[in-house]
Amino acid sequence: MRRGLEQMGRAVVFLGQLFSRVRITPLQVRETLRQTYYAGARSLVIIVTCGFFVGLVLTLQTYDTLTRFGAADAASTVLALSLFRELGPVLTAILFAGRAGTSITAEIGLMRATEQLDAMDLMAIDPMERIVQPRFIASLIAVPALTVIFNLMALLGGVFFAVSVMGNDVISFWGNMQASVEFGRDFLHGMGKAVGFGFLAAWLAVYFGWSAKATSEGVALATTQTVIATAIAVLVLDFVLSAFML
């Protein structure tokens, strides 16, 4: 318990140092865009694939359950609300941590292990500004964008199952969804969560990389801690935000 609180305190101090050194320069903007490509665009395969199959499975289970109560027409509503409010932001953040978050942690940790960060300090280059800041901002941008793509693919998976397998009418499927889902209360509710989860995923990824021990075992441990800490933090924050938003 004590070690966990100490780790949390160091992470908060690190975040304060990161914000205090933020600078917007053309070089920083170019590097941030490059890191957004690596963190976001290169995560599209896992996001698209998982999103589509989550939509398939969720629609299958929803139809199976609602059919018993004669409410199969509400499957599209349950699918959309589940995705927008909960599953989309949560699963995207966890998948992002497993793919891009670990990559960021390992990259910064290896720079620490090979003394590249110390060399930048000797050359009067702030590694917090040059290395950490672009990756933090890129992750903060990527997670909400990937959440939108995840939701879209999950909806397409649900439509595919409902129309192709169950034989439902696509117009009624979309019509029931549009009639029950509110843009502000449901979609923006989920996007607010996505921004919060993106902040957590970005913060923990760069922190564990920055604080990793300068050994191969230290880097491996840091990448593992990134996934575990992000998953736990996202689920805890999801409960807190849901309680306040509802």
Over all heavy atoms of both residues, which pair between [X] and [Y] is shortest? Give the atoms and the distance, please.
X	Y	value
F161	L60	CZ-CD1, 3.4 Å
G101	A205	O-CB, 3.7 Å
S43	A39	OG-O, 2.7 Å
P89	F197	O-CD1, 3.5 Å
R34	E31	NH2-OE2, 2.9 Å
A212	A222	CB-CB, 3.7 Å

Measuring from atom [atom1] of [X] to atom [atom2] of [Y], what distance do you get when rounded to the nearest 0.5 angstrom?
X	Y	atom1	atom2	value
L117	M128	CG	CE	9.5 Å
T102	F96	OG1	CZ	9.5 Å
L146	I47	CG	CD1	5.0 Å
S82	N151	OG	CG	11.0 Å
L221	T223	CG	OG1	7.5 Å
S211	Q225	OG	CD	7.0 Å

Given side chains that start at C-beta, do those of [X] and [Y] come closer than 4.5 Å, heavy atoms only?
X	Y	value
E182	H189	no
F244	V240	yes
I108	V206	yes
L200	T230	no
T215	V219	no
M120	M111	no
V12	W203	yes
F187	L83	no

Under a single-linkage definition using a 4.5 Å side-chain heavy-atom cutoff for Ile, Leu, Val, Met, Phe, Trp and Tyr, are [X] and [Y] assigned to the same hydrophobic cluster?
X	Y	result
L237	Y207	yes
V227	L204	no
L241	L235	yes
L56	L58	yes
V143	Y37	no

Using side chain to side chain contact (heavy atoms under 4.5 Å, CB included), reason through Q28 and T25 one step at a time and then give a plain yes or no. CA-CA 5 Å; Q28 290 295 91; T25 64; 3.1 Å; yes
Side chains of T147 and K193: do they bring a donor and an acceptor to under 3.5 Å?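 No, because no side-chain N or O of T147 sits under 3.5 Å from a partner of the opposite role on K193.
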Donor on one side chain, acceptor on other, T114 and Q116, under 3.5 Å: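 The criterion, which ignores hydrogens and geometry beyond distance, is satisfied for Q116 and T114.
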Evaluate F199 against L15 for side chain to side chain contact (heavy atoms under 4.5 Å, CB included), listing each step before the verdict. CA-CA 11 Å; F199 177 85; L15 185 64; 3.6 Å; yes
Ring-plane angle category for F136 and F19, please: parallel below 30°, perpendicular beyond 60°, tilted otherwise.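 Perpendicular: the ring planes of F136 and F19 meet at over 60°.
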In terms of relative ring orientation, are F52 and F160 parallel, tilted or perpendicular, with 30° and 60° separating the classes?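 Rings of F52 and F160: tilted, as their planes differ by 30° to 60°.
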With a 3.5 Å distance limit and no angle check, can you tell me whether W210 reaches the backbone of G109 through a side-chain donor-acceptor pair?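 Checked: no pair found.
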Just by distance, do the side chain of T224 and the backbone of A220 share a donor-acceptor pair under 3.5 Å?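 Such a contact is found between T224 side chain and A220 backbone.
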side-chain hydrogen bond (donor to acceptor under 3.5 Å, both in side chains) assessment of T226 paired with T105: CA-CA 7 Å; T226 297; T105 300; 2.8 Å; yes
Yes or no on side chain to side chain contact (heavy atoms under 4.5 Å, CB included) for R112 and D118, after CA distance, side-chain angles and deciding distance? CA-CA 8 Å; R112 173 73 68 191; D118 296 333; 3.9 Å; yes
Working for side chain to side chain contact (heavy atoms under 4.5 Å, CB included), residues V195 and M191: CA-CA 6 Å; V195 173; M191 292 309 299; 5.7 Å; no
Among L33, T32, L27, find the residue that satisfies the side chain to side chain contact (heavy atoms under 4.5 Å, CB included) test when tested with R30.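 Option passing the side chain to side chain contact (heavy atoms under 4.5 Å, CB included) with R30: L27.
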Which residue, I125, I131, D126, V132, forms the side chain to side chain contact (heavy atoms under 4.5 Å, CB included) with E129?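 When I125, I131, D126, V132 are each tested with E129, the side chain to side chain contact (heavy atoms under 4.5 Å, CB included) holds only for D126.
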State which residues pass salt bridge (charged side-chain N to carboxylate O under 4.0 Å, His left out) with D186; sequence neighbours excluded, sorted by chain then number.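 Once residues adjacent in sequence are excluded, the partners of D186 under the salt bridge (charged side-chain N to carboxylate O under 4.0 Å, His left out) criterion are R85.
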side-chain contact (heavy atoms from CB on, under 4.5 Å) involving I232 - partner list, sequence neighbours excluded: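 side-chain contact (heavy atoms from CB on, under 4.5 Å) check on I232 returns I228, V236.
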